[in-house]
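The block underneath contains the structure these notes are about, expressed in structure tokens.
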Amino acid sequence: MLSVIIPTQNSERALVPTLAALVSGATAGLIVEVIVADAGSKDETAAVADVAGCDFRVIEGTLGHRLKAAAEATRAPWLMFLRPGVVLDTPWTNEVGRFAQHPTRNLQAATFRRGSASQSALSEMLLLLSAALGASPRPEQGLLISKQFYQALGGHAEKSHDPETQLMRRIGRARCARLTTSAYLA
């Protein structure tokens, strides 16, 4: 049901907690594949991806090109883009599964709620306030989108200096749900 795409470049340490958080999705049968779209890392990023059973691909070019090429190679009808170092709160699988199975969601996307590993009540309140005031989603929040919708939007812009933010702008707030599950940088 879901292909996860993680763009990397010398990301061995950041990649470990991200992949660890995805284990529950793999064991639940939600994740079909994890594609690590690498820019030619010189560290052990490839070894980390290999141990985790990821499809590791070195893709030359811009970040937008790597993300788009990886998305084109996926097998699942839903895509989830995560940056290395982003960790999803458990249990994220139930909410993502419900979102993707809803028939009206094919032309909609979702991001995870901003969070932190040790979130205080004050920081939680500030994050909720920024979301309520319409703060734009950030790439660190991940992106869940149907492959059909992604292709209709033209995917990530290959020549943009910030293709993730540009794609979120093209999706627009009206077509981007905010999930209750938190995503935070490890």
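In this chain, numbering begins with 1 at the start of the sequence shown. Values below: all heavy atoms of this structure, side chains included; hydrogens, waters and symmetry mates excluded.
Nearest heavy atoms, Ser182 versus Arg113: OG-NH2, 2.8 Å. Summarising the geometry of Leu79 relative to Ala71, their closest heavy-atom pair is CD1-CB, 4.0 Å, with the distance given to 0.1 Å. For the residue pair Ile59 and Ala37, the shortest heavy atom distance occurs at CD1-CB, 4.0 Å. Taking every heavy atom of both residues into account, Thr18 and Gly85 meet most closely at OG1-N, 2.7 Å. Closest approach of Thr74 to Ile35, counting heavy atoms only: CG2-CD1, 3.7 Å. Residues Phe112 and Thr181 come closest through the heavy atom pair CB-O, 3.4 Å.
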Should Lys42 and Asn10 be marked as a side chain to side chain contact (heavy atoms under 4.5 Å, CB included) after you check the CA-CA gap, both sets of side-chain angles, and the distance that decides it?
CA-CA 6 Å; Lys42 304 294 184 215; Asn10 297 323; 3.8 Å; yes
Leu22 vs Leu82, test: side chain to side chain contact (heavy atoms under 4.5 Å, CB included). Steps then yes/no.
CA-CA 10 Å; Leu22 297 177; Leu82 292 176; 3.9 Å; yes
Candidate pair Glu164 and Leu143, rule side chain to side chain contact (heavy atoms under 4.5 Å, CB included), full reasoning:
CA-CA 9 Å; Glu164 296 164 302; Leu143 178 66; over 6 Å; no
May I have the step-by-step check of side chain to side chain contact (heavy atoms under 4.5 Å, CB included) for Leu185 and Val86, ending in yes or no?
CA-CA 5 Å; Leu185 288 172; Val86 170; 3.8 Å; yes
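Ser11 places no side-chain N or O within donor-acceptor distance of the main-chain N or O of Ala14, the cut-off being under 3.5 Å.
Applying the salt bridge (Lys or Arg N to Asp or Glu O under 4.0 Å) test to every pair with at least one member in residues 55-68, sequence neighbours left out, gives these pairs: Asp55-Arg57, Lys68-Glu158. Within the structure, ring-ring contact (aromatic ring centres under 6.0 Å, His included) contacts touching residues 86-110 (residues at least two apart or in different chains) are Trp78-Phe99. Every pair passing salt bridge (Lys or Arg N to Asp or Glu O under 4.0 Å) that includes a residue from residues 17-41 is listed here, sequence neighbours excluded: Glu33-Arg75.
Residues meeting the salt bridge (Lys or Arg N to Asp or Glu O under 4.0 Å) test with Glu95, sequence neighbours left out: none. Scored by the side chain to side chain donor-acceptor pair (under 3.5 Å) test, Asp89 finds no partners at all (sequence neighbours excluded).
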Scan the side chains in residues 150-157 for donor-acceptor partners under 3.5 Å anywhere in the protein, sequence neighbours excluded, and list what turns up.
unit_1	atom_1	unit_2	atom_2	d
Tyr150	OH	His156	N	3.1
Tyr150	OH	His156	ND1	2.8

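Note that the CD1 atom of Ile171 and the CZ atom of Arg169 stand 12.0 Å from one another [nearest 0.5 Å].
A donor-acceptor contact closer than 3.5 angstrom links the side chains of Asp43 and Thr45.
By the criterion of side-chain heavy atoms lying less than 4.5 angstrom apart, applied directly or through intervening Ile, Leu, Val, Met, Phe, Trp or Tyr residues, Met1 is grouped together with Ile31 in one hydrophobic cluster. Residue Ile145 is grouped with residue Leu107 when hydrophobic side chains (ILVMFWY) are merged at heavy-atom distances under 4.5 angstrom, including chains of intermediate members.
The residues Arg114 and Glu140 are annotated as not salt-bridged, no charged nitrogen and carboxylate oxygen being separated by less than 4.0 angstrom.
Looking at Cys54 and Leu19, their side chains come closer than 4.5 Å, going by heavy atoms from C-beta outward.
The neighbour count for Arg170 CZ, taken as heavy atoms of other residues, nucleotides or ligands under 6.0 Å away, is above 12.
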